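One structure is given here, and the rest of the page talks about it.
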Amino acid sequence: MPEIVKKRILVTGGAGFIGSHLCDALLARGAGKVVCVDNFFLGKEENLTDAFKYDNFTLYRDDCRQFGVMQSIMDKEKIDVVFNMATIALNYSFFNPLDAYMVNVEIANVLLELMKVGAYKTLIHTSSSEAYGTARYSPMDEEHPTDPTTPYAAGKASADLMVHSYAKVSDSDIAIIRPFNNYGPRQNATGPLAGIIPVTAKRIKNGEKPVINGDGEQTRDFIFVKDTVRGLILAYENEKSRREIINLGTGKDISMNRLMKLICEHMGYIGEWEYREERTSDVRNLCAGIQKAKEFLGFEPKTDFDQGIKETLDWYQNNKLI
Ligand SMILES: NC(=O)c1ccc[n+]([C@@H]2O[C@H](COP(=O)([O-])OP(=O)(O)OC[C@H]3O[C@@H](n4cnc5c(N)ncnc54)[C@H](O)[C@@H]3O)[C@@H](O)[C@H]2O)c1
């Protein structure tokens, strides 16, 4: 069974939300070296404050789409494993659809070609539940058809196809992990790419009504970021994951109305919220089938949503981000 201990690991997009938690977990688990490559499109250096406490952590401010740059980093750092976390958030699809699509495909392409020339051994590639589109049945297992509704999701689905095909052709050491909606400390809270949890908390703090697009009955399977990170590491450690696509979620979905209620309760807000027009490309329901993650990885989500949302909102408040 492969182990994290002493491995030399590269995390693309490691200064982002999930990637930075992954860097912390890998270092805490005794990785030999953790190398983060991030172009800081959305990543933040402060997300890496804990990682920088380790001598065996190195940051490169580079674009993972650059084959030559990535090759020289891998040669220099003698990388064993790559966790591919780099992307540009879904909402970017509404401003720059082509780039939102291409970034996912191009980074996967570079990583696959580098694996082919022996630059590293194992790729844990991160997909997204968005690749499925709206649920045709629920919970959505890995057999559910992919039907992306945004260029971001199309890019994720296309990258998955490419990664899967390389894995089949060359029998490579590759796993594709498909997380559902993540939440937790460090999720971007500012600008048009921010997620619903920090945006809502911020509006309440500023005395504005929280906003829901649509009727609020759309659902998501929210998984706490530290559970996702545990699942990604389990995917590396369990070789049953190789050449497979595996969901990571909780198996429970929550409506936006319920999410609003929980955030409002936690922040002591007793007013109403405002409903705005539904975004046509938003998927209606997402709930993960997690049987495969249980069987192949021994994965169980550990963080109950009420507990996770409290930890998340406390973190935003303590860091003065809301
Ligand atoms: N957050 C979620 O709810 C969620 C759900 C499912 C899947 N995912 C997947 O998990 C992964 C991490 O997502 P996240 O939420 O941490 O996103 P994030 O935006 O917080 O982090 C992505 C990081 O990638 C970096 N990046 C973007 N383009 C780059 C490039 N060309 N070269 C180098 N770095 C680049 C960004 O600067 C950022 O730091 C992504 O693959 C995403 O699709 C996320």
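Remember, it's 1-based here, ligands and their atoms both numbered in the order they're listed. Every value quoted in this text rests on a predicted model; they were computed, and no experiment measured them. Count residues from 1 along the sequence.
Residues R186 and S20 have side chains that bring a donor and an acceptor to within less than 3.5 angstrom of each other. Side-chain N/O atoms of E77 and Y60 include a donor and acceptor closer than 3.5 Å. Between N257 and E217, the side chains place a donor N or O and an acceptor N or O closer than 3.5 Å (distance only, hydrogens not considered).
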In sequence, state the C-alpha distance, the side-chain angles, and the governing distance for L313 and I197, and then conclude on side-chain contact (heavy atoms from CB on, under 4.5 Å). CA-CA 8 Å; L313 293 172; I197 294 173; 4.2 Å; yes
Under the side-chain contact (heavy atoms from CB on, under 4.5 Å) rule, what do V82 and M115 come out as? Steps first, then yes or no, please. CA-CA 9 Å; V82 174; M115 178 180 242; over 6 Å; no
Between Y101 and S158, does a side-chain contact (heavy atoms from CB on, under 4.5 Å) hold up when you go through it step by step? CA-CA 9 Å; Y101 175 87; S158 302; 2.9 Å; yes
Please walk me through it: do I174 and T122 pass side-chain contact (heavy atoms from CB on, under 4.5 Å)? CA-CA 6 Å; I174 291 176; T122 310; over 6 Å; no
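Looking at ligand 1, you'll find an N or O of I18 within less than 3.5 Å of one of its N or O atoms. Here's the thing with V103: none of its N/O atoms is less than 3.5 angstrom from an N/O atom of ligand 1. Residue P179 places no N or O, backbone or side chain, under 3.5 Å from any N or O of ligand 1. Taking distance alone, with nitrogen or oxygen atoms compared against 3.5 Å, D38 approaches ligand 1 more closely than that limit.
With a 4.0 Å heavy-atom cut-off, ligand 1 is reached by the side chain of Y152 but not by its N, CA, C or O. At a heavy-atom cutoff of 4.0 Å, ligand 1 is contacted by the backbone of F180 but not by its side chain. At a heavy-atom distance under 4.0 Å, only side-chain atoms of K156, from C-beta outward, approach ligand 1. Counting heavy atoms closer than 4.0 Å to ligand 1, residue A89 contributes nothing at all.
Here the CG atom belonging to D221 is positioned 3.5 Å from the OG1 atom belonging to T250, to the nearest 0.5 angstrom. Remark: F222 CZ to F305 CZ distance equals 5.5 Å, nearest 0.5 Å.
Classified by interplanar angle (parallel below 30°, tilted 30° to 60°, perpendicular above 60°), the ring pair F180/Y132 is tilted. Using the six-membered ring where Trp is involved, F41 and Y92 have ring planes that are perpendicular, over 60° apart on the 30 and 60° scheme.
Ion pairing between R243 and D171 holds under the 4.0 Å rule for side-chain N and carboxylate O. We find that K302 and D227 are not joined by a salt bridge, their nearest charged nitrogen and carboxylate oxygen being 4.0 Å or further apart.
Near A15, the atoms of ligand 1 lying under 4.0 angstrom from a non-hydrogen atom of the residue are 39 (O). Here is the list of ligand 1 atoms found below 4.0 Å of a heavy atom in F40: 37 (O). For ligand 1, the atoms lying closer than 4.0 Å to a non-hydrogen atom of S128 are 6 (C), 7 (C). Proximity to F41 (heavy-atom distance under 4.0 Å) selects the following atoms of ligand 1: 37 (O). Ligand-side atoms of ligand 1 in range of N181: 3 (O), range being under 4.0 angstrom from any heavy atom.
Cation-pi geometry between K292 and F296 is met: under 6.0 angstrom from the ring centre, within 45 degrees of the axis.
Residue-ligand proximity: D62 is placed with a non-hydrogen atom under 4.0 Å from ligand 1. For the pair T12 and ligand 1, no heavy-atom separation below 4.0 Å is found. Under a 4.0 Å heavy-atom criterion, S127 is in contact with ligand 1. Ligand 1 lies within reach of D63, whose nearest heavy atom is under 4.0 Å from it.
Atom 12 (C) of ligand 1 has M85 O, 3.2 Å as its closest protein atom, hydrogens excluded (heavy atom only). Of the protein's non-hydrogen atoms, T126 CG2, 3.4 Å is the one closest to atom 10 (O) of ligand 1. F17 CD2, 3.6 Å is the protein heavy atom nearest to atom 15 (O) of ligand 1. Scanning all protein heavy atoms for the shortest distance to atom 35 (C) of ligand 1 gives N39 OD1, 3.0 Å. Atom 32 (N) of ligand 1 has C64 N, 2.9 Å as its closest protein atom, hydrogens excluded (heavy atom only). What sits closest to atom 21 (O) of ligand 1 on the protein, heavy atoms only, is G16 CA, 3.5 Å.
Comparing L286, T228, T87, L42 against atom 17 (O) of ligand 1, the shortest heavy-atom distance belongs to T87. Taking all heavy atoms of I177, V37, N182, I107 into account, the minimum distance to atom 3 (O) of ligand 1 is reached by N182.
In summary, of the residues considered (D80, T58, N56), a side chain to side chain donor-acceptor pair (under 3.5 Å) with K33 occurs for T58 alone.
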